[in-house]
Amino acid sequence: NNNIILDYNLDLLKNKTIAVIGYGNQGRAQASIMRDSGLHVIVGNIRDKYYELAQKEGFEVYEIEEAVKRSEIGLLLIPDEIMKEIYEKKIGPIISSKKEYVLDFASGYNVAFGFIRPPGNTDVVMVAPRMIGEGMVDLHKQGKGYPVLIGVKQDSSGKAWDYAKSIAKGIGAIGLPGGVAVKSSFEEEAAIDLMSEHTWVPILFAAIKACYDVAVKEYGVSPEAALLEFYASGELSEIARLMADEGIFNQMIHHSTTSQYGTLTRFFKYYDQIKKIVEDEAKDIWNGNFAKEWTLEQLTGYPVFYRLWKMATESDMAIAEKELYKTLGRIKDGK
Ligand code: NDP
């Protein structure tokens, strides 16, 4: 299968300086694994606690502009929402003044939707881990890899795909058990990420909240029993683990026949309704309408975002959850 890459070499990265821009969740993990891989990594960050943390952890740390100046390859690992501004102020102009550069992203969003357009001398590549930084480091310590999606938006040197594969190797994704790089694109990565965020995740949340509201308010179930059944027990994470290990349907054999029958009949009953929702959401993602909606929300100071956060966290279910989690010692003083 040409889309699947299980291993590669580090030749293109050796004897080069790699700047990790942003020392947060992804930056810290990718910098430490690349250093472990024997590569020369420097960190670019604004002067704050992350800057000091990177220094304390033994990296040469510079202001972002300086790190870009000193490097041949840059990994842009700052939050997607501020990336365009930082790119335009501190990164783009410096890359333009160089002969060539390789700029790597861990998510497709800004490039896919046209917010960031690097100059023609630049290889624009994506190596997007399907995992949070801590998970990557944990697996690396166990000698294991993890899945990444890779892509190329602009191939200036003719070696952009090779750079993407080398970076995947350097950050410990491939060449180790469990590791795989899947050939994809910035557009595809951004869209499928958003598809999860706009469909099965909120649909799952809505279903759980509706179960809670109906059980507690219409059938007199206690909030504690409802919460523990619907998610607080952690059974959901067991199911998710089994889905990944054994398959979405195959894992059902671990549940009772009653459960299997109920799940299969309702799965087929609701499929068409859900598919309609997914089609509507997918359309707004792929045609860029969602990206416009989100930019507008950011420009106007996040009014909808904050209102909905408030509604969610002030709901009866969230309040009952707080009480239960306090009693169980999962949170202290509501934090
Ligand atoms: P984090 O929020 O963890 O890291 C942010 C880094 O950017 C920190 O060093 C932070 O420093 C810096 N930063 C924040 N604000 C600014 C600013 N205004 N100016 C300059 N630097 C700033 O981000 P993530 O690691 O989560 O995300 C990085 C990229 O990785 C994104 O493209 C994301 O989509 C992608 N990704 C993330 C995954 C995840 O699980 N988190 C998984 C896969 C990909 P400070 O806060 O001190 O300013």
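Note that this is a predicted model, so its numbers are computed, not measured. First listed ligand is number 1; within each ligand, the first listed atom is number 1. Any value given below was found using the heavy atoms of this structure, including those in side chains, with hydrogens, waters and symmetry copies removed. Residue numbers start at 1 and run along the sequence shown.
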Out of all atoms in ligand 1, which are within 4.0 Å of some heavy atom of [X]? Include the element for each.
X: M83; answer: 32 (O)
X: M131; answer: 40 (O), 42 (C)
X: I78; answer: 7 (O), 28 (C), 29 (C), 31 (C), 32 (O)
X: S107; answer: 32 (O), 34 (O)
X: L77; answer: 6 (C), 28 (C)

Requested in this report: Examine D80 against ligand 1 and note whether any of their N/O atoms are separated by less than 3.5 Å.
Outcome: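 Indeed, backbone or side chain, D80 has an N or O that close.
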Requested in this report: May I ask whether E85 has any heavy atom positioned less than 4.0 angstrom from an atom of ligand 1?
Outcome: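 No.
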Shortest protein contact, [atom] (heavy atom only):
atom: atom 43 (C) of ligand 1; answer: P129 O, 3.2 Å
atom: atom 48 (O) of ligand 1; answer: D48 OD2, 3.1 Å
atom: atom 25 (O) of ligand 1; answer: Q26 N, 2.7 Å
atom: atom 9 (O) of ligand 1; answer: Y23 N, 2.6 Å
atom: atom 46 (O) of ligand 1; answer: Y50 CE1, 3.3 Å
atom: atom 19 (N) of ligand 1; answer: I86 CD1, 3.2 Å
atom: atom 4 (O) of ligand 1; answer: G24 CA, 3.3 Å
atom: atom 40 (O) of ligand 1; answer: I132 CG2, 3.1 Å

Requested in this report: Anything under 30° is parallel, anything over 60° is perpendicular, the rest tilted; go ahead and classify F305 against W294.
Outcome: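 Because their plane-to-plane angle lies in the 30° to 60° range, the rings of F305 and W294 count as tilted.
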Requested in this report: Verify side chain to side chain donor-acceptor pair (under 3.5 Å) between Y325 and E323, making sure each step is shown before the conclusion.
Outcome: CA-CA 6 Å; Y325 283 16; E323 281 308 307; over 6 Å; no
Requested in this report: Using a 4.0 Å heavy-atom cut-off, say whether N25 meets ligand 1 through its side chain, its backbone, both or neither.
Outcome: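 The part of N25 near ligand 1 is both the backbone and the side chain.
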Is the number of heavy atoms from other residues, nucleotides or ligands under 6.0 Å of [X] [atom1] greater than 12?
X: N15; atom1: CG; result: no
X: R35; atom1: CZ; result: yes
X: Y261; atom1: OH; result: no

Query raised in the report: Please walk me through it: do E63 and Y51 pass side chain to side chain donor-acceptor pair (under 3.5 Å)?
Result: CA-CA 9 Å; E63 297 282 352; Y51 190 103; 5.4 Å; no
Query raised in the report: Would you say Y101's side chain and N121's backbone share a donor-acceptor pair under 3.5 angstrom?
Result: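 Here the side-chain-to-backbone pair does not exist.
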Query - Main-chain N/O of M195 paired with T199 side-chain donor or acceptor, under 3.5 Å - result: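 Answer holds: yes.
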Requested in this report: Determine, considering heavy atoms only, which of N45, I82, V148 sits nearest to atom 22 (C) of ligand 1.
Outcome: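 Checking each option, the heavy atom nearest atom 22 (C) of ligand 1 is found in I82.
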Query raised in the report: If hydrogens are left out, which of A106, A54, G135, P79 has an atom nearest to atom 23 (O) of ligand 1, that is, the closest non-hydrogen atom?
Result: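 Nearest heavy atom to atom 23 (O) of ligand 1 lies in P79.
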**Report entry** Check: F267 ring centre within less than 6.0 Å of F249 ring centre
**Finding:**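 Between F267 and F249, the centre distance is under 6.0 Å.
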Requested in this report: Tell me whether L227 is reachable from I331 by hopping between hydrophobic residues (I, L, V, M, F, W, Y) whose side-chain heavy atoms are closer than 4.5 Å.
Outcome: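 Yes, I331 and L227 fall within the same hydrophobic cluster.
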Requested in this report: Show the numbers, then the answer: is there a salt bridge (charged side-chain N to carboxylate O under 4.0 Å, His left out) between R130 and E189?
Outcome: CA-CA 10 Å; R130 312 325 286 166; E189 193 277 339; 3.0 Å; yes
